[in-house]
Structures are given as structure tokens and as C-alpha cells.
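Working notes, beginning with the structure itself.
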Amino acid sequence: MALFKTQKNTPAPATTKPAARVSSVTVAKHSTEVILSPRITEKAAYLAESGAYVFNIARDANKHEVATAVKALFKVTPRKVTIVRTEGKKIVNRATRRVGQKSLQKKAIVFLKKGDTIDIA
């Protein structure tokens, strides 16, 4: 039977080095793509008095990117960065009674050491 016939003279596979793994290169974002705007609220004003500033950031931004963007834009080194995801609110259109939803947002709270300030205005 030809299906189960094995070849007797098969050459041994050549031993080669395994291919080098290609690392995924992350493209560095520009600082203005990470930090979208300062978040102007009453709570943010209270936090600014104690050295913590609140910014709206891009959805895919992380703490490291926010810290480097703050260094580049405001020339201060953050002590700590906290990121908070805010869910979108449900909204009802009065005319059509259709229910929609606002989009997800992310905000970053950037803590600075004493003496450092950021001029937002």
C-alpha cells in the first residue's frame, strides 16, 4: 500500500539557528496625543492646591506615557501618576426617546513634589 510506505533515504533536516524574534516596536506618541486637555472641575481645583493636577488623556495612554508627556510639556517630573477610567453616561434624546451613551473617558491625576507647579491657565 502506497499510503503507509516510508522513504528510506530521507535527508536529515539541516540544523540552523532559530529565527530571531522580532520585537514589537512601540511607536512613541507625541505629548499632545497623550494629554488631551486639563480637566477643569471644582475637585481638580482643590487637588491643584495640594500639588496634584488632573488631565483628560487618550484612551490607550498608560502611566509611563503620561509621565513622559508631563515632563516634555511642563518641564516638571511627576512623583506619581494615577489613571481613572470614567464610564459614559446614558443619555435620552427628548425628541425621539432614543437612549444613547456618552463615550468612555480616561483621566490622569499627576502628583508633583512640593514646590513644583503647573500653570494650566
Side-chain angles (χ1 to χ4, degrees):
M1 284 187 19
L3 291 175
F4 300 110
K5 191 175 186 181
T6 59
Q7 293 181 356
K8 303 233 179 197
N9 297 332
T10 56
T15 58
T16 59
K17 290 172 86 177
R21 296 181 83 191
V22 177
S23 63
S24 62
V25 177
T26 58
V27 177
K29 295 179 189 170
H30 196 270
S31 300
T32 55
E33 293 175 356
V34 175
I35 296 180
L36 302 177
S37 65
R39 197 171 182 97
I40 309 297
T41 60
E42 191 173 350
K43 183 177 182 179
Y46 287 128
L47 287 172
E49 292 174 2
S50 64
Y53 296 89
V54 184
F55 298 98
N56 292 325
I57 61 171
R59 286 187 194 176
D60 59 344
N62 57 30
K63 291 182 182 185
H64 180 71
E65 292 172 344
V66 172
T68 55
V70 168
K71 284 181 194 176
L73 290 174
F74 302 110
K75 310 292 189 245
V76 293
T77 304
R79 179 174 51 92
K80 177 180 164 184
V81 176
T82 304
I83 293 181
V84 181
R85 225 178 95 200
T86 58
E87 295 293 330
K89 294 181 184 178
K90 290 191 178 182
I91 297 175
V92 177
N93 186 343
R94 288 183 172 184
T96 61
R97 299 289 187 215
R98 290 189 178 170
V99 177
Q101 187 168 4
K102 284 189 176 182
S103 61
L104 165 95
Q105 293 181 347
K106 279 175 91 171
K107 62 182 177 180
I109 304 169
V110 178
F111 295 90
L112 304 178
K113 60 183 178 184
K114 287 188 178 182
D116 286 347
T117 58
I118 293 176
D119 185 25
I120 293 177

Derivation and outcome, side-chain contact (heavy atoms from CB on, under 4.5 Å), residues Leu47 and Val54: CA-CA 8 Å; Leu47 287 172; Val54 184; 3.8 Å; yes
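- Scanning for side-chain contact (heavy atoms from CB on, under 4.5 Å) contacts around Thr96 gives Asn93, Arg98, with sequence neighbours left out.
- Residue Glu42 qualifies as open at atom CD: its count of foreign heavy atoms under 6.0 Å is 12 or below.
- Pairs of residues two or more places apart, or lying in two chains, never qualify as ring pair (Phe, Tyr, Trp, His ring centres under 6.0 Å) while including a residue from residues 81-115.
- Residues forming a side-chain contact (heavy atoms from CB on, under 4.5 Å) with Arg85 (at least two apart in sequence, or on another chain): Glu87, Leu104, Lys106.
- Checked options Val81, Thr77, Val76; the residue passing with Val70 is Val76 (criterion: side chain to side chain contact (heavy atoms under 4.5 Å, CB included)).
- A side chain to side chain contact (heavy atoms under 4.5 Å, CB included) with Ser31 is found for exactly one of Val66, Leu73, Thr68, namely Leu73.
- Closest approach of Thr82 to Lys63, counting heavy atoms only: CA-CE, 4.5 Å.
- Note that CG of Leu112 and OG1 of Thr117 are 8.0 Å apart. Values are rounded to the nearest 0.5 Å.
- Sequence neighbours left out, the pairs with a member in residues 38-86 that pass ring pair (Phe, Tyr, Trp, His ring centres under 6.0 Å) are Phe55-Phe74.
- Partners of Asn56 under the side chain to side chain donor-acceptor pair (under 3.5 Å) rule, at least two apart in sequence or in another chain, are Ser37, Arg39.
- No continuous path of hydrophobic side-chain contacts links Val84 to Leu36 [ILVMFWY only; heavy atoms under 4.5 Å].
- Hydrophobic clustering (ILVMFWY, side-chain heavy atoms < 4.5 Å, transitive): Ile109 and Ile120 are in distinct clusters.
- Scored by the side-chain contact (heavy atoms from CB on, under 4.5 Å) test, Lys102 finds Ile91 as partners (sequence neighbours excluded).
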